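Read through the structure below, which is laid out as structure tokens, and then see the notes.
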Amino acid sequence: MADPTTTPSRPDAEAPAYEPATVERKWQARWAANRTNSPDLARGEKPFYQLMMFPYPSAEGLHIGNLYAFTGNDIHGRFQRLQGHTVFEPIGYDAFGIHSENYALKVGVPPSELIPRNIENFRRQLHRAGLMVDWSHELSTTDRSYYKWTQWIFLQLYHRGLAYKKRAAVNWCPSCKTVLSNEQVEGGFCERCGSKVEQRQLEQWFFRITDYAPRLLKNLETIDWSETTRTAQRNWIGASQGARVSFRVTDDGDRTDDITVFTTRPDTIFGATYLVLAPEHPLVDVITRPEQRAAVQQYRERTARQDIISRKTNREKTGAFTGATAINPATGQAIPVWVADYVLMEYGTGAIMAVPGHDERDYEFATAFALPIVRVVAGEGVEPDAPLHEADVEVANARVVNSGEFSGLDVEQAKTRIVTWLAGSGAAEPVTTYRLHDWCISRQRYWGPPIPIIYCESCGTVPVPEKDLPVELPYVEDVRPDDSGVSPLARHEEWYHVPCPQCGKRARRETDVSDTFLDSAWYFLRYPSSDRDDVAFDPALTRKWLPVSSYIGGNEHAVLHLLYSRFVTMVLHDAGLVSFEEPFTKFRAHGLIIREGAKMSKSRGNVVNPDQYMDDWGADTVRTYLMFLGPFEEGGDFRDRSISGVRRFLDRVWASVHDARGDGAPDADVMRKLHQTIAKVGDDIAKLSYNTAIAAMMEYVNVLRAHERVPHRAEVEPLVQLLSPFAPHVAEELWETLGHTASIFESRWPRFDAALAAENRVKIAVQVNGKLRGTVEAAKDADQAAVLALAIADAGVAKFATGTPKKVIFVPGRLLNLVV
RNA sequence: GCCCGGGUGGCGAAAUGGUAGACGCGGGGGACUUAAAAUCCCCUUCCCGCAAGGGAGUGCCGGUUCGAGUCCGGCCCCGGGCACCA
């Protein structure tokens, strides 16, 4: 690679060469000294909160993907500032969690030493990138001044009955020696380390996010978010409209038990030929007949041994008959009750009515165990008794058959009519079921905020009083987790034993720490108040700055982080602690950066190191290049070769400013292009179309310098402002060169003058039968007759347009189409 | 299987239903230079043609329209997410 930083951009010895390193160092120092990027949060006018997703400070340093996201945020924030807003652009570090801890274990350095080192490196890199960050509000989730309030958030949920403990089958990673959420399991393997995940039964703390499912779903309609992100959340919450239906178990004694199932297809109830309970279902023990007990018991044990994931991925149907039967409330028939692992306890009621005729899974099961299969739905032109060779799941234009008085109804009608009918006898009720599970926040690990709970022999579970927060994470020499499934914190005797806050007797602490997603579920509330010791977030500042005006981040957090943040905010709203339900008014997901057409990864060895590129080209060039790669919301392909074009562009802007003359008048044609550019760049930045904004500026510079013309000062000054969100350092330097003493970011976006931008003569396309046959030049507002006259006079057009046209289509200022 | 994105020159990419390929990279030619670099200018979708010019063209097949990369229907391929969720 040539050394572009030291190569003079032009031969003229009088003008200084553009040396990014010098310029960038100078302005970063000046911004810090003048507190340019630290707004007065209490008094600033027109507050605009530009939030970027805080990074996990890995040992490898800032990823180019982080830089891409931050630059996109920064441009938006700087633009808003030039529009007259007081912009708050904070940064922090999401530094707790298994990822950090595992890495610390691997290199044999305690996380409490390693993480600050990583943060220091990140901070250096973020400074280099020239972000408009208010460093006086920097935070790290690992600081006691932060996690004190993370624990406080836990207590808010606890006091509202939204935090509870239960024994649950969990995913256990034998290598990380910790519990994983379902989200952290990918196809049966640990997302972090790739080990095969196992099942374990452990006591865990959960948040009742499912209570909020309907609101989390409903509010999606009102927030201005990327459609992809909203869709992802909708699918994740996974609402299913259906009904709960009760089946009375037949018995020769006096016991009568009901099995309640959830179904989305109540219209098929006449075809329900058996019931299935999840192996963990509490009624299994109750209803199983003595002669089947051994078989059922054996089957349940077998299921319990299996890990959660392979249970879900293995589609082979297995099960056991309980010996019991239940009455189908629609047909009055007694149908057998089975146990099978294809029914999951955690979804719906943990029991289903099986309709093998119209459900693929039930069909497979019925086939395997020779259970009856009945057709109760028939598509268009299908006979009611047409034999079934597979489950018929078609519902479009299908009607219900073999279903008594309901036969003949279409599927949708039958659903409501049948539920209403069964509801009459109390056998059914319409319900909506959600796929979303409660949020398991327990981690049997060291590197996280201890969950602020104390267990006392006499008082039971006691929350740590607020005045005793934070429950400090003690220094532990050996933080390795072990097979016990208990956090290493349990081995710290002094910390573990604590007097009960209620009775003072010897009690013990909860040893689990909380999920990292809890740390990041409220950090945006902390930023404005990060210097406050007495509150998690100051009410006045929060009212002024939140909800977040603009949040831009990766769609990998489309569900977890963004959903948890919404949930926590909603809870705080209900507790009267914040005035809004939704934390992020506007969210946009940015795209992913690939490199030379391939995904970036350590194993491929094609990861872009931002430091190297900033060394070689300067931060301004790297920033602008990243934004030039492609549409910001779609991502881009980082190609080493193309970066030179962006650097050449900045060189040309630099030279233009240094060459500019102040005498005489600017050129009208150039000024027209300038005003068109002002309008385009402003519009494009607002909609994150950064690549086209840059292209527009390049076009303008090409006009400005065409045929080595010397630009006028009035032609370049606004250009520097347009460029400033993208390349802030060089823009500041050029602004100073132009004689300004204050920061360019204290200035206002150049005023767009529509009169100056207007074109008076335009080229009009002339088509014959829709095919382009020539162009004519005319006044912008020339009427059809005038343009038609010009068109017919054109030899190329005349050749094709013979005789009188049958029809003429005229789009003023654009096109004339002659239909002959 | 289901739900999102996306398929346009040699490459990254632009295009309110109205001149497809702006801008940039790469390539070719030229100016400046003793020379090179840098800079500046011109050309660069494909095919036929010396040229003038003509024809084709936005994953594939059809449709709507004076006119379709853009709208509609049906496919194919690539990327991402979800998936025994009843």
Side-chain angles (χ1 to χ4, degrees), chain A residues 2 4 7-12 187 227-232 234-236 238 240 242 261-265 276 311-317 340-344 346-355 359-362 364-365 433-437 555-556 558-559 589 591-592 594 596-597 599 625 628-631 633-646 648-649 651-652 655 689 691-692 694-699 701-702 705-708 763-775 796 799 805-811 813-820:
Chain A
T7 310
S9 51
R10 52 194 299 280
D12 187 344
E227 198 46 51
T228 52
T229 313
R230 289 197 295 181
T231 307
R234 234 174 249 130
N235 293 343
W236 189 261
S240 289
V261 306
F262 172 73
T263 179
T264 55
R265 296 292 306 275
V276 185
R311 166 165 170 185
K312 290 186 181 179
T313 44
N314 175 16
R315 268 139 220 261
E316 206 170 299
K317 295 292 175 285
D341 69 358
Y342 81 96
V343 173
L344 309 173
E346 70 260 25
Y347 185 76
T349 59
I352 61 154
M353 63 176 212
V355 185
D359 181 283
E360 283 168 24
R361 298 151 301 181
D362 297 342
E364 284 173 30
F365 190 84
T433 294
Y434 299 89
R435 200 199 74 105
L436 185 69
H437 297 337
N555 230 358
E556 68 273 15
V559 279
L592 293 178
I594 57 170
E596 312 284 345
K599 215 182 204 176
Y625 178 57
F628 188 60
L629 293 178
E633 291 176 78
E634 283 167 37
D637 188 357
F638 192 102
R639 287 177 182 261
D640 283 11
R641 235 177 9 185
S642 319
I643 195 168
S644 60
V646 168
R648 258 198 286 274
F649 164 64
D651 280 337
R652 282 157 66 80
S689 186
N691 57 332
T692 53
I694 295 163
M697 288 188 281
M698 287 174 167
E699 251 185 89
V701 170
N702 289 344
R705 299 184 64 78
H707 301 280
E708 296 187 287
K763 275 165 100 184
I764 294 176
V766 180
Q767 298 181 339
V768 179
N769 292 337
K771 269 192 201 292
L772 183 74
R773 295 300 178 185
T775 55
K799 202 160 77 182
K806 275 187 270 185
K807 193 172 173 187
V808 178
I809 285 111
F810 180 62
V811 182
R814 291 214 65 112
L815 164 141
L816 182 80
N817 186 12
L818 307 174
V819 184
V820 296

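Within every chain, numbering begins at 1; the chains are lettered A, B, ... in the order of the sequence lines, protein sequences first and strands thereafter. Everything numeric here is computed off the predicted structure, so don't read it as measured data.
When distances run from any side-chain atom of A/R641 to the nucleotides B/G54, B/A15, B/G26, the shortest one goes to B/G26. Here the side chain of A/S644 is nearest to one of B/G26, B/A86, B/C23, namely B/G26. For A/K317, taking side-chain heavy atoms from C-beta onward, the closest of the listed nucleotides B/C66, B/C84, B/U19 is B/C84. Ranking B/G24, B/U19, B/C41 by closeness to the A/A765 side chain, first place goes to B/U19. Nearest to the side chain of A/H707, among B/C42, B/A86, B/C84, sits B/C42.
Between A/R265 and B/A86 there is no side-chain polar atom (N or O) within less than 4.0 angstrom of OP1 or OP2. Note on A/R652: every side-chain N or O is 4.0 Å or more away from OP1 and OP2 of B/G24. The side chain of A/R639 contributes no N or O atom lying less than 4.0 Å from OP1 or OP2 of B/A13. Contact between the side-chain N/O atoms of A/N555 and the OP1/OP2 oxygens of B/C4 is not found at any separation under 4.0 Å. In this structure, A/R705 does not reach the B/C41 phosphate: none of its side-chain N or O atoms is under 4.0 Å from OP1 or OP2. At B/G80, one or more side-chain N or O atoms of A/K599 fall inside 4.0 Å of OP1 or OP2 (strictly under the cut-off). Here A/N235 does not reach the OP1 or OP2 of B/G81: none of its side-chain N or O atoms lies under 4.0 Å away. For the OP1/OP2 pair of B/A56 and a distance below 4.0 Å, the side-chain nitrogens and oxygens of A/K771 include at least one atom meeting the criterion. OP1 or OP2 of B/G26 has at least one side-chain nitrogen or oxygen of A/R648 nearer than 4.0 Å.
Nearer to the 5' terminus of RNA chain B, by closest-nucleotide assignment, is the contact made by A/T228 (compared with the other of A/T228 and A/A706). Residues A/L815 and A/G350 each lie close to RNA chain B; by heavy-atom proximity, the contact nearer the 5' end of the strand is made by A/L815.
Within 4.0 Å (heavy atoms only), A/V559 reaches no atom of the nucleic acid at all. Nucleic acid contact class of A/E699 (heavy atoms, under 4.0 Å, all strands): sugar-phosphate only. Within 4.0 Å (heavy atoms only), A/R230 reaches no atom of the nucleic acid at all. Residue A/N702 is classed as a sugar-phosphate contact, given heavy-atom separations below 4.0 Å to backbone atoms only. Among the protein residues, A/I809 comes within range of the nucleic acid bases, having at least one heavy atom under 4.0 Å from a base atom. Among the atoms of the strands shown, only primed sugar atoms or phosphate atoms (P, OP1, OP2) are found under 4.0 Å from some heavy atom of A/S240. Among the protein residues, A/E316 comes within range of the nucleic acid bases, having at least one heavy atom under 4.0 Å from a base atom.
With contacts defined as side-chain heavy-atom distances shorter than 4.5 Å, the pair A/V646/A/I694 does not qualify. Looking at A/N817 and A/K807, their side chains never come closer than 4.5 Å, going by heavy atoms from C-beta outward. Side-chain contact between A/I643 and A/F628 is absent, with no heavy-atom pair separated by less than 4.5 Å.
A donor-acceptor pair under 3.5 Å is absent between the side-chain atoms of A/H707 and the main chain of A/R705, judged by distance alone. Here the side chain of A/Y625 pairs no donor or acceptor atom with the backbone of A/F638 at under 3.5 angstrom.
Nucleotide B/A56 forms a pair with B/U45, judged by Watson-Crick or G-U wobble geometry with both contacts under 3.5 Å. For B/A14, there is no paired nucleotide, since no Watson-Crick or G-U wobble pair has both relevant distances below 3.5 Å. Base pairing of B/G1 is made with B/C82, judged by Watson-Crick or G-U wobble geometry with both donor-acceptor distances under 3.5 Å. B/C40: Watson-Crick or G-U partner is B/G30, with both key distances under 3.5 Å.
Between B/G24 and B/C77, the two C1' atoms lie 28 Å apart (nearest whole Å). For the C1' atoms, the distance from B/U44 to B/C82 is 46 Å, rounded to whole Å. Comparing B/C41 with B/G79, their P atoms sit 42 Å apart, to the nearest whole Å. Atom name P, nucleotides B/G57 and B/A52: the rounded distance is 23 Å, in whole Å. A gap of 32 Å separates the C1' atoms of B/G17 and B/C2, to the nearest Å. Spacing of P atoms, B/G54 relative to B/A20, comes out at 14 Å, to the nearest Å. With both ends at atom C1', the span from B/G81 to B/A37 equals 50 Å, rounded to whole Å. For the C1' atoms, the distance from B/C66 to B/G28 is 41 Å, rounded to whole Å.
Put simply, the side chain of A/K806 and the base of B/C66 share no donor and acceptor less than 3.5 Å apart.
One atom, CG of A/D640, and another, P of B/G26, lie 12 Å apart when rounded to the nearest Å.
In B/G28 the base sits anti relative to the sugar, since the glycosidic angle is further than 90° from 0.
Look at A/R641 and A/E596 and you find no salt bridge, because none of the NZ, NE, NH1 or NH2 atoms lies under 4.0 Å from a carboxylate O.
A donor-acceptor contact closer than 3.5 angstrom links the side chains of A/R652 and A/N702.
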